[in-house]
Amino acid sequence: MSHIVVIGAGQAGSSLVAKLRKDGFDGDITLIGAEDVLPYQRPPLSKAYLLGEMELERLFLRPASFYADNNITLKLGQRVTGIDTAAKTVSLGDEVVGYDQLALTTGSDPRRLPAAIGGDLEGVHVVRGLGDVDAMAPQVREGGRALIVGGGYIGLEAAAVCAKRGVKVTLVEMADRILQRVAAPETSDYFRALHSGHGVDIREATGLERLEGEGGKVTRAVLSGGEVLEVDFVVVGVGITPSTQLAELAGLDLDNGIKVDAQGRTSDASIWAAGDCASFPYRGRRIRLESVPNAIDQAEVVAQNMLGAARDYVAQPWFWSDQYDVKLQIAGLNTGYDTVVTRQGEGLQRSFWYYADGQLVAVDAMNDPRAYMVAKRLIDMGKTADKGVVADPAADLKSLLKA
């Protein structure tokens with residue numbers, strides 16, 4: 001009987017094995033995860049879960065009974081130490097598991113501060129896994145002092161949660177502005193004002209020289225200009241890197257992640273990859289998407305292809321972020337944009353529409369689900385949007401879908 005092994009028990013891994021069973025695969029399935037808890041959703045970790053508004057059980061993507069009822073073998077709290085592509089086996093310490101097909105859904109790893117500048121001090125946290133947030137949670141309390149390193153979405157979400165809990169927050173960003181790598185200046189301006197209005201002290205074009213501590217615990221931060229901040233804890237949000245160690249050991253091709261073709265197959269015909277760890281063809285170039293929707297959609301296409309569907313994965317990128325009372329929804333990829341059109345709404349409602357050579361390529365919509373929905377449909381269909389209609393707050397956006 002055929003045996004499919006999936007390494008990585010996150011959103012992509014859980015989606016892949018569920019899709020295999022849904023589509024009728026009746027062979028053996030083994031899902032291996034390094035964490036000792038059931039596969040869970042990560043986005044609420046830095047928001048509702050850290051705020052104490054979501055219980056652990058609600059994080060789980062599926063209950064334990066789902067895996068038992070679908071005859072999916074879970075190996076949790078176990079790390080794969082090697083892959084033998086010739087023998088078609090994976091090693092978990094002394095245990096060896098054979099496979100007919102293998103899927104890598106190993107996700108990504110957070111970048112950490114070097115130990116040489118205090119990155120290994122107690123009280124220095126990243127926001128990636130359940131253990132990270134559980135370790136941080138007791139320190140996120142009224143009157144605490146936090147330094148957030150990094151002005152991307154992870155850093156800003158952490159800043160929002162800390163500020164809502166009464167923590168005094170300072171955020172430093174080395175680039176000239178927050179969100180510089182991922183958004184237009186207009187979006188940066190919006191979120192800078194939002195956070196400043198909630199008491200967050202944002203320092204742009206400011207680096208971290210080092211962290212200092214007493215008794216092994218962080219107590220101070222020295223900024224690039226020499227300023228010293230007294231801190232109780234530090235949250236590091238300086239990006240993630242694809243988890244490719246196993247793929248490298250197996251001799252698979254890498255290119256900004258595990259290199260896969262349009263169907264999700266790696267350079268080894270029996271091995272597939274999906275989610276944060278995989279880079280794939282997209283509109284004439286190769287990209288890697290770090291998002292829940294991509295993890296689910298790509299994993300499900302890979303599951304179908306493991307069963308012989310020979311279906312290309314066509315990504316339709318979208319993302320979201322929750323900060324205070326603002327829900328940001330992003331559709332498309334703004335790479336190469338040359339124009340941004342602003343649509344002004346009431347209060348905090350706003351949307352920024354990105355164009356490249358007159359073509360709509362992306363939108364950032366804050367508290368504006370209609371703008372997001374219309375823009376996403378246009379982008380997915382390869383259509384553009386009249387800039388005059390977009391810029392006129394009195395115009396009906398749905399008219400753009402009839403153009």
Side-chain angles (χ1 to χ4, degrees), residues 4-20 29-35 39-43 45 61 75-76 78-83 85 90-92 99 101-112 126-130 132 152-154 182 238-282 285-306 312-315 317 319 333:
I4 292 178
V5 173
V6 180
I7 302 174
Q11 186 81 63
S14 179
S15 299
L16 198 156
V17 298
K19 183 65 172 174
L20 286 172
I29 299 176
T30 300
L31 177 61
I32 304 170
E35 295 180 81
Y40 60 87
Q41 49 184 327
R42 293 186 187 276
L45 287 177
L61 293 165
K75 290 184 176 292
L76 302 177
Q78 301 190 48
R79 289 191 176 275
V80 174
T81 53
I83 300 171
T85 56
V90 299
S91 299
L92 299 89
Y99 65 84
Q101 294 190 83
L102 175 66
L104 299 176
T105 53
T106 47
S108 51
D109 302 310
R111 291 192 176 98
R112 300 175 184 270
V126 293
V127 184
R128 189 61 185 163
L130 183 61
D132 299 322
Y153 286 118
I154 289 294
V182 294
V238 292
I240 58 179
T241 57
S243 183
T244 60
Q245 298 91 331
L246 285 175
E248 189 170 2
L249 285 173
L252 304 180
D253 290 349
L254 305 179
D255 184 355
N256 182 31
I258 304 170
K259 184 178 182 180
V260 300
D261 63 16
Q263 296 181 11
R265 195 189 300 267
T266 72
S267 54
D268 183 303
S270 299
I271 303 179
W272 310 74
D276 283 9
C277 66
S279 71
F280 58 92
Y282 176 80
R285 54 197 173 103
R286 178 166 291 275
I287 65 170
R288 188 173 55 81
L289 291 178
E290 300 166 358
S291 74
V292 168
N294 174 70
I296 296 171
D297 295 345
Q298 189 178 30
E300 290 188 345
V301 170
V302 165
Q304 292 175 318
N305 290 336
M306 294 177 97
D312 285 355
Y313 172 55
V314 180
F319 315 84
L333 297 177

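Source: prediction; values computed, not measured.
Side-chain contact between Thr266 and Lys259 is absent, with no heavy-atom pair separated by less than 4.5 Å. Side chains of Ile32 and Val6 form no contact here, defined as non-hydrogen atoms less than 4.5 Å apart. Between Asn305 and Val301, the closest side-chain pair of non-hydrogen atoms falls below 4.5 Å. A 4.5 Å side-chain heavy-atom check between Phe280 and Ile287 finds at least one atom pair inside the cut-off.
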Subject >> Candidate pair Tyr99 and Ile4, rule side chain to side chain contact (heavy atoms under 4.5 Å, CB included), full reasoning >> reply: CA-CA 6 Å; Tyr99 65 84; Ile4 292 178; over 6 Å; no

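Heavy atoms only, all atoms of each residue included: Ala303 and Leu16 are closest at CB-O, 3.7 Å. Closest non-hydrogen pair, Ser108 versus Ile240, comes out as OG-CD1, 3.1 Å. The two residues Gln263 and Trp272 make their nearest non-hydrogen contact at O-CZ3, 3.5 Å. Taking every heavy atom of both residues into account, Pro110 and Val126 meet most closely at CG-CG2, 3.8 Å. Thr85 and Ala250 make their closest contact through CG2-O, 3.7 Å (heavy atoms, listed as atom of the first residue, atom of the second, distance). When all heavy atoms are compared, the tightest approach of Ala315 to Tyr282 is O-CE1, 3.5 Å.
For the residue pair Asn294/Tyr313, the side-chain donor-acceptor check at 3.5 Å is satisfied. Donor-acceptor pairing under 3.5 Å is recorded for the side chains of Glu35 and Tyr40. Side-chain polar atoms of Arg265 and Ser270 form no donor-acceptor pair below 3.5 angstrom.
Within the 3.5 Å criterion, the main-chain N or O of Gly8 finds a donor-acceptor partner in the side chain of Thr105. Listed for the Thr81 side chain is a donor-acceptor partner under 3.5 Å among the backbone atoms of Ser91. Remark: side-chain polar atoms of Ser267 are paired, donor with acceptor, to backbone N or O of Asp253 under 3.5 angstrom. Put simply, the side chain of Thr106 gets close to the backbone of Ser243: a donor and an acceptor are under 3.5 Å apart. Proximity of a side-chain donor or acceptor of Arg42 to a complementary backbone N or O of Val127 within less than 3.5 Å is not detected. The main-chain N or O of Asn256 is found under 3.5 Å from a side-chain atom of Arg288 such that the two form a donor-acceptor pair. Remark: side-chain polar atoms of Arg286 are paired, donor with acceptor, to backbone N or O of Ser279 under 3.5 angstrom. At least one donor-acceptor pair under 3.5 Å links the side chain of Ser15 to the backbone N or O of Gln11.
Taking CG of Leu289 as the reference point, atom CD of Gln298 lies at 8.0 Å (rounded to 0.5 Å). One distance of note links SG of Cys277 with CG of Asp109; it measures 10.0 Å at 0.5 Å rounding. Note: Ile258 CD1 to Gln245 CD = 9.0 Å, rounded to the nearest 0.5 Å. For the atom pair CG of Asp268 and CG of Leu104, the computed distance is 9.5 Å after rounding to the nearest 0.5 Å. Here Ile83 contributes atom CD1 and Ile7 contributes atom CD1; the two are 4.0 Å apart, rounded to the nearest 0.5 Å. Between Glu290 atom CD and Thr241 atom OG1 the span is 9.0 Å, to the nearest 0.5 Å.
With respect to the salt-bridge test (charged N to carboxylate O, under 4.0 angstrom), the residues Asp276 and Arg128 qualify.
Within 6.0 Å of atom CZ in Arg79, 12 or fewer heavy atoms from other residues, nucleotides or ligands are found, so the atom counts as exposed in its surroundings.
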